[in-house]
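To start, the structure itself, in structure tokens.
Here the structure is a predicted model, which means the values were calculated and not measured.
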Amino acid sequence: VQLQASGGGLVQAGDSLRLSCSASVSGSSFSAYGVGWFRQAPGKDREFVASIRWSGSTYYADSVKERFSISRDNAKNTVYLQMNSLKPEDTAVYYCAAVRDYRSSTYSSPKEYGYWGQGTQVTVSS
């Protein structure tokens, strides 16, 4: 599985951005994978943002709940992260990751993922 994250940029506080994670999958179906978004700010650990399972079940970090929305389009092999009401503390490099979704999990730990995209920078100015 190869992942390509895109859609980052420089925005002002209160603005919105939509990130995309496009997957190239061979030998299996993208719909069988759970996908997560993580972010990493300078000097900080990578942290969970949101995840979506094969079933469409979604999970969010408390810090982004009600502001961010994760969705998937299996026909396009793409997962989206809609980010609204952005705050300066949302500034980070955002990564998408994928995992074969075969067990009961929220997939909120980066250790659960075997495939990672290259990251896209999101900068929110105050």
- Check: Asp73/Thr78 side-chain N/O donor and acceptor closer than 3.5 Å: no
- If you measure from CZ on Phe68 to CG on Asp90, what distance do you get to the nearest 0.5 Å? 4.0 Å
- Smallest heavy-atom separation, Val49 atom then Val64 atom, equals O-CG2, 3.5 Å
- Heavy-atom closest pair (Cys96 atom, Ala5 atom, distance to 0.1 Å) is SG-CB, 4.1 Å
- Using the six-membered ring wherever Trp is involved, compare the ring planes of Tyr33 and Tyr115 and label them parallel, tilted or perpendicular (cut-offs 30° and 60°). perpendicular
- Which atom names give the shortest non-hydrogen contact between Val35 and Ile70, and what distance separates them? O-CD1, 3.9 Å
- Query: Quick one: OG on Ser6 to CG on Leu3, what's the gap to the nearest 0.5 Å?
  - Reply: 11.5 Å
- Message: Does Gln2 have more than 12 heavy atoms from other residues, nucleotides or ligands lying within 6.0 Å of its CD?
- Response: no
- Message: Determine whether a donor-acceptor pair (N or O, by modelled atom type, separation under 3.5 Å) exists between the side chain of Gln4 and the backbone of Gly117.
- Response: no
- Student check: side-chain heavy atoms of Thr120 and Leu19 closer than 4.5 Å: yes
- Task: Apply side chain to side chain contact (heavy atoms under 4.5 Å, CB included) to Phe30 and Val79, showing your working.
- Result: CA-CA 10 Å; Phe30 176 66; Val79 168; 3.6 Å; yes
- Task: Please step through side chain to side chain contact (heavy atoms under 4.5 Å, CB included) for the pair Thr123 and Val11, ending with a clear verdict.
- Result: CA-CA 6 Å; Thr123 303; Val11 297; over 6 Å; no
- Inter-residue atom distance Arg39.CZ - Phe48.CZ, 0.5 Å rounding: 11.0 Å
- Message: A cation-pi test, strictly: NZ or CZ of Arg72 under 6.0 Å from the centre of the six-membered ring of Tyr80 and no more than 45 degrees from its axis. Yes or no?
- Response: no
- Query: Going from OG on Ser29 to CG on Asn77, what distance comes out if it is rounded to the nearest 0.5 angstrom?
  - Reply: 7.0 Å
- What one should report as the nearest heavy-atom pair of Ala50 and Tyr60 is CB-CD2, 3.6 Å
- Message: Any heavy-atom pair between the side chains of Trp37 and Ser51 that's under 4.5 Å?
- Response: no
- Check whether the ring centres of Tyr113 and Phe38 lie less than 6.0 Å apart, and answer yes or no. yes
- With a 4.5 Å limit on heavy-atom distance, are the side chains of Ser16 and Met83 in contact? no
- Message: Quick test of your reading of the model: are Lys65 and Asp62 salt-bridged, counting only N-O distances below 4.0 Å?
- Response: yes
- Message: Rounded at 0.5 Å granularity, tell me how far OG1 in Thr106 sits from CZ in Arg53.
- Response: 9.0 Å
- Message: With side chain to side chain contact (heavy atoms under 4.5 Å, CB included) as the criterion, how do Asp15 and Val124 come out once you've worked through the C-alpha distance, each side chain's angles and the decisive distance to 0.1 Å?
- Response: CA-CA 8 Å; Asp15 285 350; Val124 185; over 6 Å; no
- Can you tell me how far CH2 of Trp116 sits from OH of Tyr95, rounded to the nearest 0.5 angstrom? 9.0 Å
- Query: Would you say the side chain of Gln82 lies within less than 4.5 Å of the side chain of Arg67, judging by non-hydrogen atoms?
  - Reply: no
- Message: Can you confirm whether Thr91 sits close enough to Val122 that some side-chain heavy atom of one is under 4.5 Å from a side-chain heavy atom of the other?
- Response: no
- Query: Can you tell if the side chain of Arg100 reaches within under 4.5 Å of the side chain of Val1, non-hydrogen atoms only?
  - Reply: no
